[in-house]
Amino acid sequence: MKIICSKTSLLKGVNTVLKAVPSKTTMPILECILIDATLGKIKFTANDMELGIETTVDGSIQEKGIVALDAKIFSEIVRKLPENEVTIETDARLNTTITCEKAKFNIPGQSGDDFTGLPVVEKNESITLTQFTLKEVIRQTIFSIAVNENNKMMTGELFEVNGSLLKVVSLDGHRISIRKVELKENFGNIKVVVPGKTLTEVSKILSGETDDDVRIFFTNNHIVFEFDETVVVSRLIEGEYYRIDQMLSSDYETKITVNKKELLSCIDRATLLVKEGDKKPIIIHITDASMELKINSQIGSMKEDIDIEKEGKDILIGFNPRFLMDALRVIDDETVDVYLVNPKAPCFIRDDKETYTYLILPVNFTA
């Protein structure tokens with residue numbers, strides 16, 4: 001095999017697939033990136049058996065061939081090469097020479113035949129989103145998946161399609177994030193749970209352009225994302241997702257409208273007095289035209305008033321400040337509507353069309 005690529009194209013390809021190289025595996029071949037130049041295109045592939053990524057790299061093929069190279073060594077070499085054309089060449093024993101200007105590396109390669117490629121997935125049901133929309137939907141929900149593997153279902157996000165509506169849901173037992181997106185066409189009913197790791201990695205690769213599309217294919221066991229020159233295939237999380245509908249009430253006793261930036265800045269200031277790992281709630285007292293926020297900790301105390309528009313009853317309620325901040329950070333609206341029932345019931349932050357809904361459970365506190 002002999003291929004020539006620019007360092008820029010090479011690095012982009014390596015960085016794209018590197019996200020699917022396992023950190024630990026009992027199959028050493030999976031610690032490699034597969035370079036396949038047998039079919040007139042230069043393809044890079046990595047696969048950890050849960051997540052697989054394949055991308056096409058710009059360049060010229062001088063001699064067709066295929067080789068698997070240790071991902072860690074190969075990626076470090078590419079990263080540190082000069083900004084110029086790079087030649088990658090293998091001999092009959094798969095010894096690989098990487099040359100760029102005056103730099104020349106020799107590393108051993110492995111047979112591409114031993115590499116486990118991406119699973120072949122039947123591409124029947126699919127939806128199309130812009131890269132911008134998918135990247136935004138992931139950003140606005142991914143923070144509320146569970147990081148603990150004890151409950152596998154909570155480490156993923158629900159992707160549910162009903163007709164022309166896509167609903168994406170994440171939860172961790174203390175909060176729920178929901179985003180709804182209107183699709184351009186009508187589809188059947190689809191309901192799958194996608195691993196959070198997959199979505200995080202897809203989000204990093206997406207350009208986020210409004211003009212570029214992503215096609216998403218669904219099967220019983222896999223989800224496939226196709227965009228630009230890249231294919232991402234991921235296993236789904238098996239099982240029935242939580243029924244959250246009974247938790248999503250439209251009833252409320254108190255509704256406030258508040259400037260988002262002002263509220264976020266105030267909570268951010270309050271958390272200066274909370275040590276890492278310290279579970280101090282922020283206490284919110286809502287009266288007629290004012291919302292008082294206060295926090296007490298071993299370091300000190302803080303109190304601040306914010307102007308609000310209010311409907312309904314006064315209320316005194318406590319929250320984990322980080323959960324409020326996480327939701328507010330990803331909302332792009334200038335003002336937000338917050339709906340409350342009582343100090344024991346969840347609060348909802350949502351817009352009129354319910355394109356986003358954030359449910360946050362309150363915490364107990366001693367006033």
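The chain is numbered in sequence order, starting from 1.
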* Got a sec, which pairs hit side chain to side chain donor-acceptor pair (under 3.5 Å) with one end in residues 10-22, sequence neighbours left out? -> Asn15-Arg79
* Got more than 12 heavy atoms from elsewhere within 6.0 Å of CD, Glu238? -> no
* **Within residues 177-196 or reaching into it, pairs that qualify as ring-ring contact (aromatic ring centres under 6.0 Å, His included) - sequence neighbours excluded** => none
* **Validation row: Cys266, Glu262 side chains within 4.5 angstrom (heavy atoms)** => no
* In a check of side-chain contact (heavy atoms from CB on, under 4.5 Å) between Leu236 and each of Val194, Thr198, Asn220, which one passes? -> Val194
* Basic-acidic side-chain contact under 4.0 Å: Lys72, Glu31 -> no
* Among side-chain atoms of Ser9 and Ser6, is any donor-acceptor pair under 3.5 angstrom? -> yes
* Within a strict 4.5 Å, meaning less than it, do heavy atoms of the Ile98 and Lys104 side chains meet? -> no
* To do: Sequence neighbours left out, what passes side chain to side chain donor-acceptor pair (under 3.5 Å) with Asp333? Give chain and number order.
  => Tyr356
* For the residue pair Lys167 and Ile178, establish whether any side-chain heavy-atom pair is separated by less than 4.5 Å. => yes
* Quick one: side chain to side chain donor-acceptor pair (under 3.5 Å) pairs with a partner in residues 242-252, sequence neighbours left out? -> Asn151-Tyr242, Tyr252-Glu311
* What do the steps show when you test Leu166 against Lys180 for side chain to side chain contact (heavy atoms under 4.5 Å, CB included), and what is the final call? -> CA-CA 6 Å; Leu166 166 68; Lys180 290 179 184 173; over 6 Å; no
* Asked: For residues 257-301, which residue pairs qualify under ring-ring contact (aromatic ring centres under 6.0 Å, His included), counting only residues two or more places apart or in two chains?
  -> none
* Asked: Just wondering, do Asp213 and Phe132 contact through their side chains at under 4.5 Å, heavy atoms?
  -> no
* Do Glu54 and Lys43 sit within salt-bridge range, that is, some charged N less than 4.0 Å from a carboxylate O? -> yes
* Residue from Asp351, Asp352, Thr357 passing side-chain hydrogen bond (donor to acceptor under 3.5 Å, both in side chains) with Thr355 -> Asp351
* **CA sep, side-chain torsions, deciding dist, call: Asp337, Arg350, salt bridge (charged side-chain N to carboxylate O under 4.0 Å, His left out)** => CA-CA 6 Å; Asp337 294 330; Arg350 61 175 173 238; over 6 Å; no
* To do: Could you tell me whether Arg139 and Asp332 have a side-chain N and a carboxylate O separated by less than 4.0 Å?
  => yes
* Salt bridge check: are Glu226 and Lys123 linked by an N-O gap of less than 4.0 Å? -> yes
* Are Glu157 and Ile145 close enough that some pair of their side-chain heavy atoms sits under 4.5 Å apart? -> yes
* To do: Using the rule that two of Ile, Leu, Val, Met, Phe, Trp, Tyr join whenever any of their side-chain heavy atoms come within less than 4.5 Å, decide whether Val192 and Leu158 are in one cluster.
  => no
* To do: Please go through Met49's hydrophobic cluster and name the other residues, only I, L, V, M, F, W, Y counting, with side-chain heavy atoms under 4.5 Å joining them.
  => Met27, Ile29, Leu30, Leu34, Ile66, Phe115
* To do: Kindly give the cluster partners of Leu39, where membership spreads through any ILVMFWY side chain lying under 4.5 Å from a current member.
  => none
* Residue pairs, two or more places apart or on separate chains, that pass ring-ring contact (aromatic ring centres under 6.0 Å, His included) and touch residues 190-230 -> none
* To do: Would you please name every residue forming a side chain to side chain donor-acceptor pair (under 3.5 Å) with Thr130, sequence neighbours left out?
  => Thr133
* Would Ile61 and Ile42 satisfy side chain to side chain contact (heavy atoms under 4.5 Å, CB included), going step by step from the backbone distance to the final call? -> CA-CA 7 Å; Ile61 300 168; Ile42 302 167; 3.7 Å; yes
* Would Asn320 and Lys280 count as a side chain to side chain donor-acceptor pair (under 3.5 Å) if you check the C-alpha gap in whole Å, the side-chain angles of each, and the deciding distance to 0.1 Å? -> CA-CA 7 Å; Asn320 178 324; Lys280 283 287 173 194; over 6 Å; no
* To do: Go through the structure and list residues passing side chain to side chain donor-acceptor pair (under 3.5 Å) with Thr287, not counting sequence neighbours.
  => none
* Asked: So, do Asn95 and Asn106 sit near enough that their side-chain heavy atoms are less than 4.5 Å apart?
  -> no
* Do Val336 and Val258 come within less than 4.5 Å of each other through their side chains, counting heavy atoms only? -> yes
* **Within-4.5 Å side-chain heavy-atom neighbours: Thr141 and Leu199** => no
* Would Ser207 and Gln131 count as having a side-chain donor-acceptor pair, cut-off 3.5 Å? -> yes
* **Test side-chain contact (heavy atoms from CB on, under 4.5 Å) applied to Leu94 - qualifying residues, sequence neighbours left out** => Val67, Ser111
* Name all residues meeting the side chain to side chain donor-acceptor pair (under 3.5 Å) criterion together with Arg175; count only those two or more places apart in sequence or in a different chain, and write none if there are none. => Asp172, Asp326
* Asked: Checking side chain to side chain contact (heavy atoms under 4.5 Å, CB included) for the pair Val193/Phe159: CA distance, chi angles, key distance, verdict?
  -> CA-CA 6 Å; Val193 184; Phe159 273 55; over 6 Å; no
* Return yes when atom CG of Asp307 has more than 12 non-hydrogen atoms of other residues, nucleotides or ligands closer than 6.0 Å, and no otherwise. => no
* Any Lys/Arg nitrogen of Asp48 or Lys197 sitting under 4.0 Å from an Asp/Glu carboxylate oxygen of the other? -> yes
